[in-house]
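Counting convention: from 1, in listed order, for ligands and their atoms alike.
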Amino acid sequence: MKKVILIVLVTCLSCNVSKQNNTDSISQNTTIEVSEKVGIERRVDSVLKLMTLEEKIGQMNQYNGFWDATGPVPKSNEQAALKYEHLKKGLVGSMLNVKGVKQVKALQKIAVEETRLGIPLIFGFDVIHGYKTIGPIPLAESASWDLEAIKKAAQNAAEETAASGINWTFAPMVDISRDARWGRVMEGAGEDSYLGAKIGVARVQGFQGNDLASPKTIAACAKHFAAYGFAEAGRDYNTADIGTSTLYNVVFPPFKAVTDAGVRTFMNAFNLLNDVPATGNEFLQRDVLKKDWGFDGFIVSDWGSIAEMIPHGYAQNIKHAAELAANAGSDMDMESSAYVSELANLVREGKVDEKHIDDAAQRILRVKFELGLFDDPYLYCNEEHEKEVVGKQAFHEDALDIAKKSIVLLKNENNLLPLKKDNQKIALIGALANDKTSPLGSWRIAGEDGTAVSVLEGLQQYKGNTLTYAKGADVVTPDSKITFINELKINETDTSGFSEAIAVAKSSDVVVMVLGEHGYQTGEGRSRTNIDLPGVQQELLEAVYKVNKNIVLVLTNGRPLAITWADENIPAIVEAWQLGVQSGNAIAQVLYGDYNPSGKLPMTFPRSVGQIPIYYNYKNTGRPNGENSDVVFWSHYSDESNKPLYPFGHGLSYTTFAYENLKIKTLSAREIKVSVEVINTGTVKGKEVLQLYIQDTFASVARPVKELKGFRMVELKPNERQTIDFVLTEKELGFYTNKGEFIVEPGAFKVYVGGSSETTLSSEFTLE
Ligand code: BGC
């Protein structure tokens with residue numbers, strides 16, 4: 001009876017709010033937003049008052065989907081049976097990895113109808129690059145620098161996810177990383193905080209929209225707070241040791257930006273940050289995020305990360321781990337079962353203040369209210385709607401659009417690209433060219449194997465040429481398990497297909513070689529110490545090169561690769577990442593020039609793995625110069641240049657661009673206008689991403705040699721020119737001190753504008 005009253009009460013309050021929402025006036029909207037917030041807070045409090053301590057703690061407990069909810073209830077599996085008991089008692093607030101309306105609905109029904117208060121569950125899922133319609137991996141999408149397209153991709157993913165019953169994604173990952181050995185670079189936006197912040201915000205806006213209670217939007221989750229991308233030696237889950245300046249100036253900005261953009265949840269991280277696990281880190285969660293940044297959503301732990309504080313040597317046992325995490329402000333326990341088993345006793349013993357439990361439960365309930373789950377717990381559970389929406393054609397069209405935009409032309413000599421459309425003999429070589437699963441990348445839990453368009457299928461659509469395919473070599477061994485959880489076995493020995501590939505190459509005009517990483521070679525738990533072409537692929541490339549030098553190398557990979565030999569020898573190189581379901585179509589359109597490539601690298605490509613961490617916004621040493629000297633006492637390597645293979649921001653087009661007339665105007669004491677003319681100097685229409693960098697040449701702490709502070713995409717016809725203005729304000733000109741304070745210092749600045757971070761077109765200004 002109480003349950004019915006509770007739901008009626010919250011429904012009526014929300015009806016009033018949504019009726020008022022039909023107004024256009026901005027001021028009225030603001031009033032409504034405020035009153036909506038007040039309304040939600042009132043309703044959260046009214047629910048909280050009805051809850052026992054155990055029920056509040058139940059909200060803080062998240063379980064992985066543990067049995068087929070539409071089948072018989074678990075009896076034999078002890079763990080599943082216990083979880084089921086917890087669910088019925090209202091001791092579960094959220095579940096993850098439950099797929100599809102049928103399953104979600106069955107579990108929601110238990111929460112709503114069988115628990116004392118009927119509080120709905122929130123369902124989380126890793127929608128990282130699409131739900132069913134898998135798009136380019138996030139690192140690839142970031143190479144588009146196209147915020148609208150990125151937002152649209154997230155919007156589509158949200159619509160498809162919501163139609164499948166799920167209302168919360170564990171994305172975007174906004175971890176900055178400078179280490180290509182780390183497998184999870186595929187999931188982020190690369191090495192730069194400015195670009196990372198813009199992309200993070202676009203993704204959050206796409207997922208969440210303006211109305212979280214719409215059946216087309218889902219809650220987003222900024223992860224992993226914090227410094228997970230700084231894992232030592234690029235080994236996943238490893239320790240991060242960084243100073244305050246890097247934390248505030250590099251790691252935090254994307255997290256802060258998405259907080260300001262209203263992201264509703266955060267996930268903490270597996271790693272130690274300066275000796276304290278992020279999960280038990282009060283400074284990160286309570287001081288910075290909740291207090292300084294005013295975040296009022298909730299923080300979920302990473303999978304089992306509360307319990308993992310024990311092997312870290314930070315918690316003595318599971319009870320201690322629960323105490324540390326709850327006191328540090330970690331609101332929801334993903335799969336450690338630490339809160340549900342320990343927190344009530346910890347409160348009774350006075351080790352965890354009940355106000356922390358109230359605060360966490362409030363935060364979780366708040367997001368559930370915002371998602372509309374109290375108004376209609378089955379809001380996301382319409383099977384007809386699911387059938388209509390999941391995998392719909394419009395999603396595929398948008399997936400193709402962003403896949404094309406994600407491709408980066410790294411090198412193009414002798415005008416080998418675009419390929420001629422007629423009378424050419426084209427050889428297509430590489431197992432990845434005929435792979436319909438690998439392009440789906442790593443995070444594709446709801447995606448289906450074999451649903452990507454392969455490069456072979458993409459190229460076959462161009463009928464004017466003769467296309468002959470030869471595998472050359474497998475990337476993984478035939479007995480390798482190809483799953484999200486297993487280690488892949490790379491083919492290091494089988495070269496039996498080389499002779500066929502060589503023969504095909506010999507008799508062709510142009511050879512397209514699709515080489516790189518398997519889709520499961522990057523992602524979680526997939527760090528590498530060698531970031532070259534895996535297995536026998538380098539050998540294959542060199543063998544083919546011996547018989548035909550007209551090679552277009554198409555790379556499919558989830559991280560920057562060290563491909564120095566290829567850069568020195570192969571005339572055309574295309575970075576095609578893992579592009580999702582439309583992969584082969586996108587690649588074919590770029591190779592044939594039906595789409596003029598416009599992508600730019602969001603992460604530096606090293607010449608050698610030994611240069612890592614290598615990134616464009618480094619700080620100068622006291623001995624930066626010495627290239628032409630034979631004396632060793634300058635900062636360098638004896639066996640490799642300091643330079644990257646391809647710098648951050650690099651990417652070519654089938655046309656060329658020039659930059660002229662860089663002008664600087666002081667608008668006010670803290671506002672500088674920078675304008676520059678960009679000209680299409682080639683023969684075809686093309687898009688360019690103009691990048692603006694600054695250098696604070698002398699400051700109270702050393703500043704990077706260059707920092708991205710603006711970018712703009714322009715499309716120009718041959719000979720067309722356009723003037724682009726940027727305005728630099730305090731936000732762009734300042735930085736965080738070692739004490740975490742944001743300051744702007746007077747003095748000299750340099751400005752660079754161009755088509756990559758290596759641009760030399762520059763000017764100067766002085767801030768008074
Ligand atoms: C990952 C998270 C992910 C979670 C849930 C963890 O292992 O680190 O990024 O969201 O699992 O699947």
Side-chain angles (χ1 to χ4, degrees), residues 61-66 92-99 121-131 137-139 154 157-158 161 164 166-177 182-189 200 203-204 207 218-231 234-240 254-255 258 263-273 277-279 297-309 311-312 325 330-338 441-447 483-487 520 522-527 558:
N61 182 32
Q62 185 187 50
Y63 282 145
N64 190 39
F66 49 89
V92 182
S94 171
M95 296 192 57
L96 76 152
N97 288 336
V98 178
K99 260 190 281 180
L121 297 164
I122 173 171
F123 290 88
F125 204 89
D126 288 285
V127 182
I128 308 296
H129 45 111
Y131 176 73
I137 56 169
L139 186 66
T161 305
S164 309
I166 297 153
N167 26 54
W168 176 26
T169 175
F170 304 125
M173 184 185 101
V174 295
D175 295 311
I176 296 302
S177 181
W182 189 51
R184 291 198 86 166
V185 297
M186 58 75 60
E187 198 178 337
R203 287 190 173 133
V204 168
F207 287 131
I218 56 178
C221 178
K223 69 188 189 185
H224 306 84
F225 199 57
Y228 184 44
F230 278 74
R235 178 157 51 80
D236 206 4
Y237 316 126
N238 204 3
T239 298
F255 285 105
V258 294
V263 70
R264 297 316 287 135
T265 74
F266 258 60
M267 187 184 289
N268 55 38
F270 290 122
N271 55 284
L272 295 179
L273 171 62
T279 305
F298 69 88
I299 306 175
V300 63
S301 82
D302 204 344
W303 181 291
S305 69
I306 296 181
E308 287 182 18
M309 291 198 289
H312 272 307
S330 183
D331 301 309
M332 187 182 275
D333 170 1
M334 183 193 285
E335 270 289 321
S336 285
S337 296
S442 186
W443 281 106
R444 45 156 152 126
I445 323 177
T483 74
F484 182 66
I485 59 169
N486 294 107
E487 201 81 64
Y520 279 136
T522 46
E524 187 175 348
R526 292 173 160 93
S527 298

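Of the protein's non-hydrogen atoms, Asp302 OD1, 2.9 Å is the one closest to atom 6 (C) of ligand 1.
With no hydrogens or angles considered, no side-chain donor-acceptor pair links Asp236 and Ser527 at under 3.5 Å.
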query: Hey, mind stepping through Trp168 and Thr265 against side-chain contact (heavy atoms from CB on, under 4.5 Å) and telling me if it holds?
result: CA-CA 9 Å; Trp168 176 26; Thr265 74; 2.9 Å; yes

field: Trace of the side-chain contact (heavy atoms from CB on, under 4.5 Å) decision for Arg184 with His224
entry: CA-CA 11 Å; Arg184 291 198 86 166; His224 306 84; 3.5 Å; yes

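Contacts of Leu96 with ligand 1, taken as heavy-atom pairs under 4.0 Å, involve the side chain alone. At a heavy-atom cutoff of 4.0 Å, ligand 1 is contacted by no atom of Met173, backbone or side chain.
Each of the following atoms of ligand 1 lies closer than 4.0 Å to a heavy atom of Phe170: 10 (O). The Met267 neighbourhood of ligand 1 comprises atoms 2 (C), 10 (O), with distances under 4.0 Å to a heavy atom of that residue. Near Lys223, meaning under 4.0 Å from one of its heavy atoms, ligand 1 places the atoms 2 (C), 3 (C), 9 (O), 10 (O). Residue Arg184 approaches ligand 1 through these ligand atoms, each under 4.0 Å from one of its heavy atoms: 1 (C), 2 (C), 8 (O), 9 (O). Of all atoms in ligand 1, listed by their number and element, those nearer than 4.0 Å to a heavy atom of Phe270 are 6 (C), 7 (O), 8 (O).
Looking at Glu308, its side chain never comes within 3.5 Å of a backbone N or O of Phe270 through a donor-acceptor pair.
Taking the six-membered ring where tryptophan is involved, the planes of Phe255 and Phe266 are tilted, since the angle between them lies from 30° to 60°.
When only interatomic distances are considered, the shortest N/O to N/O separation between Glu524 and ligand 1 falls below 3.5 Å. Ligand 1 has a nitrogen or oxygen under 3.5 angstrom from a nitrogen or oxygen of Asp126. Geometrically, ligand 1 and Asn97 share no nitrogen or oxygen pair separated by less than 3.5 Å. At a 3.5 angstrom cut-off on N or O pairs, His224 counts as close to ligand 1.
For the pair Arg444 and Tyr520, the distance from NZ or CZ to the six-membered ring centre is under 6.0 Å and the angle to the ring normal is within 45 degrees.
A distance of 6.0 Å or more separates the ring centres of Trp443 and Phe170.
Put simply, OG1 on Thr522 and CG on Leu139 are 9.0 Å apart, with the number rounded to the nearest 0.5 Å.
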